[in-house]
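Encoded as structure tokens, the structure appears first; notes follow it.
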Amino acid sequence: MRLYSILLFPIILSANEYQLGHGLELNPYLTMGGYFSSKYENSKDTKEYMIDDVAILAYGRLGERFSYLVEIEAAEFWVHNFGNDTTQKNMTFHIERAYVNYKYDDYFSIKVGKFITPIGFWNLNPITVLKDTTSNPRYASEIYPKFTTGLMAYGYLPFDESIEYNAFIQKNKDLDKGYNNIQTDDYYGMELQKHWGDLTIGLNMGKYEVNEENMKYFGASLKYETSHLQILSEYAHLIYNPLSNSSDKHDKYAYYIQGRYKLNAKHYLVGRYEKFEDGFAGVDESVKIIGYNYRPIYPISIKSEYQLRENDNNSLIVSFSMLF
């Protein structure tokens with residue numbers, strides 16, 4: 001223990017003054033941070049409290065053009081089910097993100113490693129405390145892998161700086177196999193986004209293979225934001241078929257539209273409608289959500305939402321999350 005203290009002592013001495021939500025800058029090359037979230041859910045089928053996500057972040061610059069980020073996370077860290085009075089623990093940390101970024105200029109940058117799949121808006125924000133609702137629409141978990149382990153190129157088009165592009169490819173296993181919503185080792189896709197002041201519209205497409213099935217998707221996204229109002233909407237259509245029978249095709253559709261109104265600097269009202277349909281699995285689901293988000297300070301979020309479902313399994317979710 002003394003050896004660790006001796007090694008860490010000069011690093012701690014060089015650390016800058018800490019501000020909640022901004023991480024602790026230990027030196028010019030390393031900033032440490034993290035976040036956690038907890039929630040209580042009450043519905044006809046579920047009555048539980050959980051410490052949902054516990055994550056540690058390390059990031060910094062490696063010179064003028066290079067930067068890096070590493071994030072490890074334990075999901076469903078501690079769960080207590082009130083229905084059967086049981087407790088489960090999952091304190092194993094996994095690699096959620098780990099990449100090196102090279103920025104040549106505003107028109108061309110490269111990211112290598114495990115990174116967030118650059119699709120739309122919702123998926124680009126994996127940290128619960130920064131989201132407007134505790135729950136995620138099924139769109140965010142059913143269409144494409146949330147994370148990609150591979151190579152990504154991105155930037156603005158030099159002939160039109162209002163258009164942003166990205167293209168990514170994966171031809172290898174996940175950096176942490178098993179810690180992704182969809183497992184694949186063959187994945188590629190792209191997206192274009194056009195910005196008009198308060199409005200951004202994007203188009204995306206991708207292809208991947210999983211469990212001997214060929215998956216192709218295309219989608220669109222929209223974001224409109226002013227000082228008090230934000231509207232988010234995303235749509236995706238997934239076509240999948242077994243590789244052994246290319247004529248046996250199935251479809252999934254998913255979309256959501258969400259509105260957020262800023263009452264003042266600390267109080268927000270949120271409403272969302274989402275739809276998910278899988279013809280092969282016989283799933284046709286829609287959810288309406290009314291929510292409230294209170295931020296006493298920006299790195300802390302206290303949220304509540306009520307979900308209205310067609311099967312009458314309505315639920316109340318209350319959460320507390322913090323960014324360090």
Side-chain angles (χ1 to χ4, degrees), residues 3-35 53-73 93-121 123-127 129-130 145-177 179-180 185 187-193 195 200 202 298-299 323-324:
L3 177 60
Y4 290 136
S5 300
I6 292 171
L7 293 174
L8 289 173
F9 186 67
I11 297 176
I12 294 171
L13 283 180
S14 64
N16 292 331
E17 184 179 351
Y18 173 74
Q19 287 184 310
L20 186 66
H22 294 273
L24 179 63
E25 185 179 332
L26 299 175
N27 58 54
Y29 309 104
L30 175 61
T31 298
M32 298 290 296
Y35 59 90
D53 292 326
V54 178
I56 301 172
L57 296 159
Y59 53 94
R61 302 196 64 81
L62 301 172
E64 183 179 350
R65 298 185 184 276
F66 286 93
S67 61
Y68 72 93
L69 182 144
V70 177
E71 177 182 354
I72 60 173
E73 180 182 80
F93 282 82
H94 296 271
I95 299 174
E96 184 168 73
R97 291 184 282 173
Y99 62 80
V100 174
N101 191 82
Y102 172 77
K103 181 175 182 180
Y104 181 74
D105 56 22
D106 291 339
Y107 308 114
F108 181 72
S109 296
I110 293 177
K111 191 174 289 186
V112 180
K114 184 174 182 178
F115 47 83
I116 299 170
T117 302
I119 296 297
F121 302 106
N123 197 55
L124 295 182
N125 190 5
I127 301 176
V129 67
L130 301 179
K146 294 180 181 179
F147 301 98
T148 301
T149 299
L151 173 70
M152 178 175 80
Y154 66 98
Y156 292 90
L157 296 181
F159 56 85
D160 188 344
E161 295 185 357
S162 68
I163 299 178
E164 194 172 357
Y165 75 91
N166 70 66
F168 58 92
I169 186 169
Q170 175 176 343
K171 286 291 185 178
N172 45 263
K173 295 186 181 300
D174 194 301
L175 192 59
D176 189 336
K177 188 177 180 180
Y179 201 71
N180 207 345
D185 55 12
Y187 183 25
Y188 57 88
M190 64 173 296
E191 180 179 54
L192 292 174
Q193 286 190 342
H195 304 274
T200 300
Y298 188 77
L323 181 66
F324 297 104

Q: Applying side chain to side chain contact (heavy atoms under 4.5 Å, CB included), run through L20 and Y298 and close with a yes or a no.
A: CA-CA 9 Å; L20 186 66; Y298 188 77; over 6 Å; no
Q: Fit a plane to each ring of F168 and Y187, take the angle between them on a 0 to 90° scale, and name the class: parallel (under 30°), tilted (30 to 60°) or perpendicular (over 60°).
A: perpendicular
Q.
I need the L26 CG to T31 OG1 distance, nearest 0.5 Å.
A. 7.0 Å
Q) Do P118 and M152 have side-chain heavy atoms sitting under 4.5 Å apart? A) yes
I'd like a table of donor-acceptor pairs (distance under 3.5 Å, sequence neighbours excluded) in which one partner is a side-chain atom from residues 53-62, with atom names and distances.
from : atom 1 : to  : atom 2 : distance (Å)
Y59  : OH     : H22 : O      : 3.3
R61  : NH2    : E64 : O      : 2.7

Q: State the CZ-CD distance between F93 and E71, to the nearest 0.5 angstrom.
A: 11.0 Å
Q. Which heavy atom in G202 sits nearest to a heavy atom in Q193, and how many Å separate them?
A. CA-CG, 3.9 Å
Q | Expected output: side-chain N180 to main-chain F147 donor-acceptor under 3.5 Å | A | yes
Q) Between the side chain of Q170 and the main-chain N/O of T149, is any donor-acceptor distance below 3.5 Å? A) yes
Q) What heavy-atom pair brings G120 and E191 nearest, and what distance separates the two atoms? A) N-OE2, 2.9 Å
Q | Inter-residue atom distance Y188.OH - K171.NZ, 0.5 Å rounding | A | 7.0 Å
Q) Judged by atom type as modelled, is there a donor-acceptor pair below 3.5 Å linking the side chain of T200 to the main-chain atoms of H195? A) no
Q) For Y104, which residues count as a side chain to side chain contact (heavy atoms under 4.5 Å, CB included) partner, sequence neighbours excluded? A) R65, Y102, F108
Q.
Using every non-hydrogen atom in the two residues, find where L30 and N27 come nearest and quote the distance to one decimal.
A. N-OD1, 2.9 Å
Q | Sidechain-backbone polar pair: N123 side chain, T117 backbone, donor-acceptor under 3.5 Å | A | yes
Q) With no hydrogens and no angle check, is any side-chain donor or acceptor of Y68 less than 3.5 Å from a backbone partner on Y29? A) yes
Q) Y99 side chain to G150 main-chain N or O, any donor-acceptor pair under 3.5 Å? A) no
Q | Distance, nearest 0.5 Å, that separates CD1 of I116 from NZ of K111 | A | 7.5 Å
Q. Does Y156 offer a backbone N or O that forms a donor-acceptor pair with the side chain of E161 under 3.5 Å?
A. no
Q: List the atom of L192, the atom of I163, and the distance in Å for their closest heavy-atom pair.
A: CD2-CG2, 4.3 Å
**Q.** Minimum heavy-atom distance between N125 and L130, given as atom pair plus value
**A.** ND2-O, 3.3 Å
Q: Rounded to the nearest 0.5 Å, what's the gap from CG on N172 to CG on D185? Could you check?
A: 7.5 Å
Q.
In the structure I gave you, are the side-chain heavy atoms of Y179 and K146 within less than 4.5 Å of one another anywhere?
A. no
Q) Nearest 0.5 Å, what's the CD-CG distance between E164 and D106? A) 10.0 Å
